[in-house]
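Scroll down for the structure; my scribbles are underneath it.
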Amino acid sequence: MRILFLGDVMGRTGRDAVVSALPGLRRDLKIDVAVVNAENASHGFGLAPDMAEAIFAAGADAITLGNHSWDRKEIIPYIAQQKRLIRPINYPPGTPGEGAVDITLADGRRVLILQAMGRLFMDAMDCPFRAIETILARARLGVTHAAILVDFHGEATSEKMAFAHAFDGAVSAVLGTHTHCPTADHQVLPGGTAFMADVGMCGDYDSVIGMGKAPAIARFTRKMPGERLHPADGEATICGAVIETGADGKALRIDPLRLGGRLSPMMPSV
């Protein structure tokens, strides 16, 4: 199986780039499952239902969120009925939506997509390790599911790495989001889980993690209220990763993907 995962979609430039490129990426890379993190798609803060529908229509099988899940209030009734939109699984009980989606492909293979959010330097949350353990008690890689993918949305690379090693061999991939900067540590861990601490964002890299430079710099240099942060609107780089799995659901390889914009291009081979 070949899985495409695209990192945080940032503002209009990121949305337009992903919606335009996703159909071709699915075709050219022979993708079986495509997942997109879109928690920053609406002006950098949250996701609106019409934006989610556009990303689904372009070919996303699932969309993940993160710490900006509820920045657009209209997403709350939408997530209740759109099961392919998932928020972190370790939100407290009673939070709208789900943290996992079970997808059945045309050939009958089942794919489980999960999202967990880290706790280091983030909002207080339930334990992501225990939350995933609960799901994996009844979902077995290579037995009940052909692939299991986890989007780990977190600030600290140490927490992401610890999480990946904790579930090495139990899931196909643990892919990091949230910091918007693609890391160079893509690897298949000893137990067969693909890992990358952060796949990067889909947005303008002539920016401060996707936001316009001047107001972002002012927040570091002045301690006074200033201009609201807004996404940079230059050409986007699409960033993500492609994972190839074997018959047992474990990863055979992971390749970064970078397309367009300012970063050096990197396109996985087929």
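This chain uses plain numbering: 1 for the first residue, then up along the sequence.
Using a 4.5 Å cut-off on side-chain heavy atoms (C-beta onward), N40 and D71 make no contact. No side-chain heavy atom of V111 sits less than 4.5 Å from a side-chain heavy atom of L149. Between L257 and I238, the closest side-chain pair of non-hydrogen atoms falls below 4.5 Å. Counting only heavy atoms from C-beta outward, the side chains of F152 and T177 never approach each other to under 4.5 Å. Side-chain contact check for F167 versus I148: every heavy-atom pair is 4.5 Å or farther apart. For the pair I103 and L112, the minimum side-chain heavy-atom distance is 4.5 Å or more. Between M117 and Y91 the shortest side-chain heavy-atom distance falls below 4.5 Å. Between L47 and H68, every side-chain heavy-atom pair lies at or beyond the 4.5 Å cut-off.
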Full working for side-chain hydrogen bond (donor to acceptor under 3.5 Å, both in side chains) between T144 and R110: CA-CA 7 Å; T144 62; R110 294 173 66 194; 5.2 Å; no

Side chain to side chain contact (heavy atoms under 4.5 Å, CB included) between L4 and R2, intermediate numbers included: CA-CA 7 Å; L4 171 66; R2 292 177 65 84; over 6 Å; no

Side chain to side chain contact (heavy atoms under 4.5 Å, CB included) between L252 and V188, worked out: CA-CA 7 Å; L252 301 174; V188 177; over 6 Å; no

Residue pair T237, L259: steps toward the side chain to side chain contact (heavy atoms under 4.5 Å, CB included) verdict: CA-CA 5 Å; T237 302; L259 178 65; 6.0 Å; no

Working for side chain to side chain contact (heavy atoms under 4.5 Å, CB included), residues L105 and D32: CA-CA 8 Å; L105 304 185; D32 296 294; 4.3 Å; yes

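Listed for the S207 side chain is a donor-acceptor partner under 3.5 Å among the backbone atoms of D204. Although no hydrogens or angles enter the test, the distance criterion places a donor-acceptor pair under 3.5 Å between the side chain of E159 and the main chain of L120. The closest donor-acceptor contact from the side chain of N90 to the backbone of D126 lies under 3.5 Å. No donor-acceptor pair closer than 3.5 Å links the side chain of E53 to the backbone N or O of M51. Not a single donor-acceptor pair under 3.5 Å links the side chain of K30 to the backbone N or O of R27. Side chain of E39 to backbone of T64: no donor-acceptor contact under 3.5 angstrom is found. Within the 3.5 Å criterion, the main-chain N or O of V171 finds a donor-acceptor partner in the side chain of T193. Remark: the backbone N or O of T245 is not paired with any side-chain donor or acceptor of R253 at under 3.5 angstrom.
By the side-chain hydrogen bond (donor to acceptor under 3.5 Å, both in side chains) test, R12 is found to be paired with no residue, residues two or more places apart in sequence or in another chain being considered. F195 meets the ring-ring contact (aromatic ring centres under 6.0 Å, His included) test with no other residue; sequence neighbours excluded.
M266 and L175 are assigned to two separate hydrophobic clusters, defined by single-linkage of ILVMFWY side chains at heavy-atom distances under 4.5 Å. Cluster annotation: V174 is not connected to M201 through the hydrophobic network of ILVMFWY side chains, with a link wherever side-chain heavy atoms come within less than 4.5 Å.
In this structure, Q82 places its CD atom where more than 12 heavy-atom neighbours from other residues, nucleotides or ligands lie under 6.0 Å away. Heavy atoms from other residues, nucleotides or ligands lying under 6.0 Å from CG of D233 number 12 at most.
A salt bridge links D198 to K160: one of the charged nitrogens lies within less than 4.0 Å of a carboxylate oxygen. Taking a cutoff of 4.0 Å between a charged side-chain nitrogen and a carboxylate oxygen, R26 and D61 qualify as a salt bridge. A salt bridge between K83 and D102 is absent, with no side-chain N of the basic residue lying under 4.0 Å from a carboxylate O of the acidic one.
Put simply, CG on L6 and CG on L25 are 7.0 Å apart, with the number rounded to the nearest 0.5 Å. Interatomic distance, I79 CD1 to I63 CD1, rounded to the nearest 0.5 Å: 10.0 Å. The distance from atom CG of L189 to atom NE2 of H165, rounded to the nearest 0.5 Å, is 5.0 Å. In this structure, SG on C202 lies 8.0 Å from CG on D8, to the nearest 0.5 angstrom.
Of the N and O atoms on the side chains of S264 and R258, at least one donor lies less than 3.5 Å from an acceptor on the other residue.
Cation-pi contact between R228 and F45: present, with separation from the ring centre below 6.0 Å and deviation from the ring axis of at most 45°.
Ring planes of H178 and H180: perpendicular class, angle over 60° (limits at 30 and 60°).
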Review item, side-chain donor-acceptor pairs of residues 129-136, under 3.5 Å, at least two apart:
{"from": "T134", "atom 1": "OG1", "to": "R130", "atom 2": "O", "distance (Å)": "3.0"}

